[in-house]
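Structure, as structure tokens:
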Amino acid sequence: MDHQARETVGYSFSESTASGVKQHGFYPYTDNGGSTLGITGSDFAILAGDTRSTSGYNINSRMVPKVFKIGGDDETGEGANIVLSVVGFAADGTALKERLDTVVRMYKYQHGKPMTVSACAQRLSTILYQKRFFPYYVHAILAGLDEEGKGALYSYDPVGSYEREQCRAAGAAASLIMPFLDNQVNFKNQYIPGSGEGHALAAKKAEPLPLETVKGLVRDAFTSAVERHIEVGDNLQMVIITKDGIQEVYHPLKKD
Amino acid sequence: MADRYSFSLTTFSPSGKLVQIEYALNAVNQGVTALGIKATNGIVLATEKKSSSPLIDPPSLSKISLITPDIGMVYAGMGPDYRVLVDKARKVSHTGYKRIYNEYPPTRILVQDVARVVQEATQSGGVRPYGVSLLVAGWDEGVEPEAADMKKDGGDSPAKPAGKTGGILKGGPSLYQVDPSGSYYPWKATAIGKHATSAKTFLEKRYTEGLELEDAIHIALLTLKETIEGEMNGDTIEIGIVGPPADHLLGYEGVEGAQGPRFRKLTKEQIEDYLTNL
Amino acid sequence: MGSPFDINGGACVAMVGKDCVAIACDLRLGMQALTISNNFPKIFNFAPSTYLGLTGLATDVNTVSDLFRYKVNMYRLREERHISPQTLANLVSSSLYEKRFGPFFVSPVLAGINQTTGKPFICGFDSIGCIDFAKDFIVSGTASDQLFGTCEGLWEPDLGAEDLFETISQALLSAVDRDALSGWGAQVYIIEKDKVTQRLLKGRQD
């Protein structure tokens with residue numbers, strides 16, 4: 001992590017080259033930092049991300065949202081039932097979101113019905129894989145409600161490998177947030193007290209959490225990440241998908 | 001390779017004595033008397049400051065020295081040797097302790113380090129023993145003797161470490177004497193130098209358990225008075241005390257946890273105040 | 001080639017509670033992706049209620065723990081007392097800085113209770129001895145990112161000994177499960193004023 005930062009920051013003096021010949025290179029990617037996180041419940045899904053955009057040790061902006069409504073109205077995003085979060089290289093993120101948005105809207109025009117989340121998830125994988133050798137440098141998370149009305153969440157690697165999950169953290173602070181989520185959402189390493197002696201102890205089963213609990217976990221996860229990761233901060237954008245529509249809220253995070 | 005042939009000057013006599021060390025002790029026993037008294041809440045070191053000429057500027061002469069903020073030292077014997085030992089003691093308190101543990105050495109550890117320096121001069125090639133005896137007075141953080149005794153009476157602590165006289169397990173004051181041989185002894189009160197014997201006899205009479213620092217200073221001056229050759233005033237007497245932390249000597253204030261030095265020398269005026277009350 | 005710090009893998013964490021401290025480590029010893037042993041504790045005892053955890057290059061973990069065993073034994077003989085956590089911290093710091101230009105590849109974590117003051121004390125170090133005096137928790141090892149996340153999320157002030165045990169165990173197990181180089185069981189020490197409890201956690205064996 002810090003290796004990347006050191007490379008992009010550079011020193012105030014120029015490195016001497018033995019030959020005296022200047023080497024030019026084209027670096028098509030930048031790491032814009034930030035983190036995203038998605039958790040699903042029985043009848044909702046939450047996608048969240050911080051709003052900081054960085055390059056190296058610089059903060060480009062304190063208000064660049066990473067979570068987007070897909071397939072809704074141009075301006076307001078109204079009518080959308082799918083949400084996408086992208087973290088990594090912000091320009092690729094924007095491009096990917098624009099492309100998926102167009103695809104989902106075209107689908108609605110051509111089929112006369114909104115695209116299902118599972119279909120959109122498969123389509124997003126295809127889009128990413130099409131650029132297998134010049135990838136969109138992003139970790140994407142797609143969220144919505146499935147055909148049964150349950151929360152659905154799909155996470156992707158930059159080249160389109162994807163999986164439906166209960167929860168996923170991505171981006172700069174993913175390594176900090178993910179084990180916390182394992183523990184608090186999927187109850188990993190938790191056992192039922194008194195259910196047995198030693199190895200016979202029964203593991204606590206993961207079950208969908210209520211919305212308010214999940215909101216709390218998301219905020220805790222981000223306040224924790226902000227504390228220990230310099231690329232995360234400023235504001236928390238939380239997008240909540242229920243059968244009643246999509247609700248978007250912002251919470252302040254530390255700005256240091 | 002000259003050192004190959006420079007044998008130690010301190011060699012055993014057939015009777016098993018190291019006469020060089022005895023000569024060094026003779027030098028000490030001709031030196032100006034110095035004494036130390038341990039109290040419950042501190043220690044006093046005192047000596048006479050003899051000047052051979054009325055032209056000497058007394059304040060420029062100093063026989064009692066600060067080694068660490070909580071440890072001070074006085075000597076009897078050869079002044080130049082003492083100054084070398086003060087330098088070495090100050091140095092070893094840093095190289096051998098503070099730079100390793102970021103805290104100053106406890107009194108016994110410093111005494112051992114100084115004693116090692118002194119001993120090495122009795123066994124090394126090309127050197128002579130130090131012609132001084134030292135009195136080292138210091139205060140150690142930790143469980144103070146009274147508190148430790150109370151704990152013993154309580155009897156609810158099974159693993160009470162065994163304390164010994166001046167032992168390191170005890171916090172509080174300790175007073176040591178270091179001789180030219182490198183031997184060191186813990187004392188409640190003692191004297192070194194020319195009139196050490198009579199001074200010690202006097203101290204034996206006046207010393208009581210549970211002495212307070214102010215009493216100890218008083219006794220120190222009375223003892224000095226018995227043996228002093230010249231006049232007794234703020235210029236001819238030197239006193240160093242180990243007492244409560246002197247925060248006014250820090251040079252700054254408002255830093256949490258900062259503690260002033262416990263060792264300090266009394267000013268001419270302070271000494272004269274004590275003398276008028278004698 | 002990778003950094004010497006992540007060849008063998010391993011994780012360690014210390015936490016402060018109310019009148020108690022806890023220190024825990026995983027048990028894995030590996031060579032890159034290959035696991036060599038699942039019984040390689042990284043926490044060493046240096047005085048009653050004073051423990052030092054060492055993560056990093058395993059050979060240095062052994063060397064450094066032996067070095068401090070020697071130094072602390074010498075201290076105890078010379079001073080006729082146990083070394084306090086604070087004094088040990090400064091000893092570790094100065095000893096590591098001595099090797100400023102050829103360091104031991106270890107990230108030590110120290111936890112203990114000062115027997116004179118009765119106060120809990122934890123701190124961490126980089127490989128050349130810079131001390132991190134933390135009031136809450138210290139993490140180190142290949143799972144340090146994960147540990148930062150779990151500790152920051154789970155830890156709260158003034159936890160009692162049992163709650164602190166639960167917190168540090170959950171923080172460590174969840175963290176090492178997201179690090180391929182750490183895990184394979186864990187060891188936890190709960191240190192109270194005059195009682196130390198050592199527990200062995202099975203954890204995931206992969």
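A, B, ... follow the sequence lines: proteins, then strands. Residue 1 opens every chain.
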Measuring heavy-atom distances to chain C, does A:Gln184 have an atom under 4.5 Å in its side chain, in its backbone, in both, or in neither?
side chain

Validation row: C:Phe165, C:Leu201 side chains within 4.5 angstrom (heavy atoms)
yes

Evaluate the ring planes of C:Trp155 and C:Phe137, with Trp represented by its six-membered ring, and classify them as parallel (under 30°), tilted (30 to 60°) or perpendicular (over 60°).
perpendicular

Assess whether a salt bridge exists between A:Asp234 and A:Arg52, defined as any Lys/Arg side-chain N lying under 4.0 Å from an Asp/Glu carboxylate O.
yes

Inter- and intrachain pairs under salt bridge (Lys or Arg N to Asp or Glu O under 4.0 Å), touching residues 154-174 of chain C, at least two apart:
C:Glu162-C:Arg199

If you count the non-hydrogen atoms of other residues, nucleotides and ligands that lie under 6.0 Å from OH in A:Tyr129, is the total more than 12?
no

So side chain to side chain donor-acceptor pair (under 3.5 Å) across residues 8-28 of chain C, not counting sequence neighbours, yields C:Asp26-C:Lys42, C:Arg28-C:Thr35

Counting only heavy atoms not in C:Tyr97, do more than 12 sit closer than 6.0 Å to its OH atom?
no

One pair to check against side-chain contact (heavy atoms from CB on, under 4.5 Å): C:Leu110 and C:Phe46. What are the steps and the verdict?
CA-CA 10 Å; C:Leu110 196 152; C:Phe46 286 103; over 6 Å; no

Within-4.5 Å side-chain heavy-atom neighbours: C:Leu88 and C:Tyr75:
no

Residues from residues 167-192 of chain C approaching chain A under 4.5 Å (heavy atoms):
C:Gln170, C:Leu173, C:Ser174, C:Ala175, C:Asp177, C:Arg178

A:Glu197 atom CD, neighbour heavy-atom count above 12 within 6.0 Å:
no

Taking non-hydrogen atoms and a cut-off under 4.5 angstrom, which of residues 214-225 of chain A neighbour chain C?
A:Ser224

